[in-house]
Amino acid sequence: MNLTISTATWKYDKDWVYSITYDEALSELHRFVIPVHLELGIPGHLEAVAGHIGKVRALGESSYNGLHHMGPAEMREMIAIGWGVGCHSWSHGMVMDDPDLELRRAKEVLGEATGVPVTLFTAPGSNANLMPPVLEKIVEYGYLAGLGITDDLNYSDADDLVWTNRVPIHESYGGYFESAFEPYKRIRQAQERRGWIVDYCHCPLEEAVHECKDVTAAHHRERLETIAREGGAACWYANPDDVIDYRYMRRHTRVEPDGLGVFILRLESLPQEVKSRDLTFLLQTPATVSVTQALVDGSPVPTIPSRAGVQSFTLPVHDGMKITVKQGMPK
Ligand SMILES: [Zn+2]
């Protein structure tokens, strides 16, 4: 019998992935945003300006001036319920003016404030803060990914794991063409291409603070309810930190056959910053087989039916881990 295992495109062998980020990590998210997340069971992600933790926003001409940046305790509270925190620079200026402060020190200070290593950089202002010199610096400083604002899906077969697209959800978008709020934005594409949507907004309130950068609280709720309804059990509603870790794990894990139904896992050049070492494995189960058993380092692990003819299991991987697969008819 041809026993093989493979790694699933996404964790738990879900079809597509949904995440949402909130730039500036404002306390006012408690008013409308966080309750909707709790109601629907979808985690979010805060993009915090490291030099302004816990301060009233007063940054240049920002539309959000007067609102409040979350402090360490508030961010830790969100992390405890499954949210993540990314670094949105130190000052929200041009990061190459002082990359050591804006990228390296900011990451360190935010890690200390939240108690969790920060591995995701969110470009402030525009994609100008995610151009090649910045991309090189963030990798040098131990970030695993950089989030820009490019209205596109993130594709499951992407070569580049660092550059991450985000989909603006907004009331009205000016520029070459006008556009308006659309609750189904990129969902069908994500389903078809098995992609990852990362939504981008700031702090939805009764009215959008800035119509290009935000939606109203009513539209925000509509977007998340649409995602949950369309995604059902086929979508992985994820903290982006976990998705980025999963992509690195999948890219850097090699499955080496070591005899009939025996496989050794090798972690090759995995960046040490990857926190979650989980991978989902798929076992092809032909119709003639009615019993599938997986042993990891000698101990049985439960497998679950994932799709037709496929069983899966999810667990943290280490270098040299041995997976044994046994299949057959019931005795
Ligand atoms: Zn910002």
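Linking Ile, Leu, Val, Met, Phe, Trp and Tyr residues whenever their side-chain heavy atoms come within less than 4.5 Å places Val274 and Ile138 in a single cluster. One hydrophobic cluster, built from ILVMFWY side chains closer than 4.5 Å, holds both Val209 and Phe32. In this structure, Tyr141 is a member of the same hydrophobic cluster as Leu135, with clusters built from ILVMFWY side-chain heavy atoms closer than 4.5 Å. When the side chains of ILVMFWY residues are joined at heavy-atom separations under 4.5 Å, either directly or via intervening members, Val33 and Leu26 end up in two distinct hydrophobic clusters. Cluster annotation: Met321 and Ile264 are assigned to distinct hydrophobic clusters (Ile/Leu/Val/Met/Phe/Trp/Tyr, side-chain heavy-atom contacts under 4.5 Å, transitive).
Pairing each heavy atom of Ala208 with each of Thr216, the nearest pair is N-CG2, 3.9 Å. Across all their heavy atoms, Pro72 and Ile53 have their closest contact at CD-CG2, 3.6 Å. Contact record, Asp297 with Gly320: OD1-O, 4.4 Å, taken as the closest heavy-atom pair. What you find for Asp245 and Lys275 is that their closest heavy atoms are OD2-N, 3.2 Å. Closest approach of Leu144 and Tyr248 over heavy atoms only: O-OH, 2.5 Å.
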Worked verdict on Asp278 versus Lys11 for salt bridge (Lys or Arg N to Asp or Glu O under 4.0 Å): CA-CA 8 Å; Asp278 285 357; Lys11 198 172 183 182; 3.0 Å; yes
Test log, rule side chain to side chain contact (heavy atoms under 4.5 Å, CB included), inputs Cys201 and Ile20: CA-CA 8 Å; Cys201 64; Ile20 180 165; 4.2 Å; yes
Arg223 and Asp199: CA distance, side-chain angles, deciding distance, salt bridge (Lys or Arg N to Asp or Glu O under 4.0 Å) verdict: CA-CA 10 Å; Arg223 171 64 166 174; Asp199 274 348; 2.7 Å; yes
Arg277 and Leu267: CA distance, side-chain angles, deciding distance, side chain to side chain contact (heavy atoms under 4.5 Å, CB included) verdict: CA-CA 10 Å; Arg277 302 279 167 111; Leu267 297 186; 4.3 Å; yes
Test side chain to side chain contact (heavy atoms under 4.5 Å, CB included) applied to Asn65 and Leu59, step by step: CA-CA 7 Å; Asn65 282 347; Leu59 278 169; 4.2 Å; yes
Candidate pair Arg229 and Glu225, rule salt bridge (Lys or Arg N to Asp or Glu O under 4.0 Å), full reasoning: CA-CA 6 Å; Arg229 197 171 58 244; Glu225 285 178 346; 5.6 Å; no
Working for side chain to side chain contact (heavy atoms under 4.5 Å, CB included), residues Phe281 and Val325: CA-CA 11 Å; Phe281 293 91; Val325 180; over 6 Å; no
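Contacts of Lys14 classified as salt bridge (charged side-chain N to carboxylate O under 4.0 Å, His left out), with partners at least two apart in sequence or in another chain: none. Not counting sequence neighbours, the partners of Tyr64 by the ring pair (Phe, Tyr, Trp, His ring centres under 6.0 Å) test are His202. Applying the salt bridge (charged side-chain N to carboxylate O under 4.0 Å, His left out) criterion to Glu268, with sequence neighbours excluded, gives Arg254.
In this structure, Arg251 and Leu161 have side chains that are in contact, with non-hydrogen atoms separated by less than 4.5 Å. Residues Ile323 and Leu265 meet the side-chain proximity criterion, which asks for heavy atoms closer than 4.5 Å. In this structure, Tyr237 and Pro43 have side chains that are in contact, with non-hydrogen atoms separated by less than 4.5 Å.
Among residue pairs with one or both ends in residues 101-122, those qualifying as side chain to side chain donor-acceptor pair (under 3.5 Å) are Glu47-Thr122, Ser91-Glu102, Asp100-Arg104, Arg104-Glu108, Arg105-Glu108; sequence neighbours excluded. Sorted by first and then second residue, the ring pair (Phe, Tyr, Trp, His ring centres under 6.0 Å) pairs involving residues 73-122 (not counting sequence neighbours) are Tyr22-Trp83, His37-Trp83, His88-His92, Phe121-Tyr143. For residues 54-67, the salt bridge (charged side-chain N to carboxylate O under 4.0 Å, His left out) pairs, not counting sequence neighbours, are Glu24-Arg57.
More than 12 heavy atoms of other residues, nucleotides or ligands sit less than 6.0 Å from atom CD of Glu256.
The aromatic rings of His219 and Phe181 lie parallel to each other, their planes meeting at an angle below 30°, with 60° marking the opposite boundary.
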